[in-house]
Amino acid sequence: MAGRDTKKARTRRYWLMKSEPSVFSIDDLAASPKQTTSWDGVRNYQARNFMREMEPGDQILFYHSNADPPAIAGIAEVVKQAYPDPTQFDKKDTHYDPASDPGAPRWEMVDIKFVRKFTQPLALDRLREESQLKGMVLLRKGSRLSVQPVAEKEWNHIMKLAGR
DNA sequence: GCCAACGTTGGC
DNA sequence: GCCAACGTTGGC
């Protein structure tokens, strides 16, 4: 056992993804075919690198940015590993990247699926009141990263806050 | 490799 | 609409 080539199931990881609800909300996700969407349009290397680390089954906090109030709206999960984002090659797309080489695509996306919507969204202000969440990337000053890791204990605490 | 200029994010 | 914080670009 435990040979070098033995594929060991990795423990589930947790993430947070931001979306402006006026562009794509958690309700839009729930209303999508198979309640699934491709997370295209990410054009930040750090965010892309986090998506590359994602695996099916990983859990995602779906965050509404530029919203009133900004809040975690619910949960989604990764259903497909990172693969090339076709919008980078689409001249008509706002996320078109002329510098990306089709032979070595620069940008990738994952597919995510709706899991549930919180009965009560967890507002940013509310999250800031929680000492257990002090370390969250989301709460760091000036944090703009649209795809970010969430620690397991942060995830568990948020689940407690969200109720069921 | 530095850094000023510029564009974007996102809370307020 | 403002603007701080951040990432990227490009001249040098």
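Source: prediction; values computed, not measured. Letters A, B, ... mirror the listed sequences (proteins, then strands); counts begin at 1.
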Inset, instruction - Calculate the interatomic distance between A:R106 atom CZ and C:dT9 atom C1'; express it in whole Å. - result: 12 Å
Inset, instruction - Kindly determine whether A:Y83 and A:D111 satisfy side chain to side chain contact (heavy atoms under 4.5 Å, CB included), including the steps that lead there. - result: CA-CA 9 Å; A:Y83 60 106; A:D111 287 356; 2.6 Å; yes
Legend entry - Atom-pair distance (CZ on A:R144; C1' on C:dC3), nearest Å: 12 Å
Inset, instruction - Examine A:W107 together with A:Y45 and report whether their ring centres are nearer than 6.0 Å. - result: yes
Legend entry - Interatomic distance, A:E20 CD vs B:dC12 C1' [rounded to whole Å]: 15 Å
Inset, instruction - Inspect the contact between A:R106 and A:D101 and indicate whether a charged nitrogen and a carboxylate oxygen are less than 4.0 angstrom apart. - result: no
Inset, instruction - Give the rounded distance in Å between these two atoms: CG of A:N66 and P of B:dC12. - result: 11 Å
Inset, instruction - Nearest whole angstrom, please: distance from the P of B:dG11 to the OH of A:Y63. - result: 4 Å
Inset, instruction - Determine: side-chain N/O of A:K141 to OP1/OP2 of C:dA4, distance under 4.0 Å, yes or no. - result: no
Legend entry - d(NE2, A:H95; P, B:dT8) in whole Å: 11 Å
Inset, instruction - Give a yes or no on whether A:L138 and A:Y14 share a hydrophobic cluster (residues Ile, Leu, Val, Met, Phe, Trp, Tyr; joining criterion: side-chain heavy atoms under 4.5 Å apart). - result: yes
Legend entry - A:R126 CZ to B:dG11 C1', straight-line distance once rounded to whole Å: 19 Å
Legend entry - Phosphate OP1/OP2 of C:dC6: any A:Y45 side-chain N/O under 4.0 Å: no
Legend entry - Spacing between A:Q148 atom CD and B:dG10 atom C1', to the nearest angstrom: 12 Å
Legend entry - Contact under 4.0 Å: A:K18 side-chain N or O vs B:dT9 OP1/OP2: no
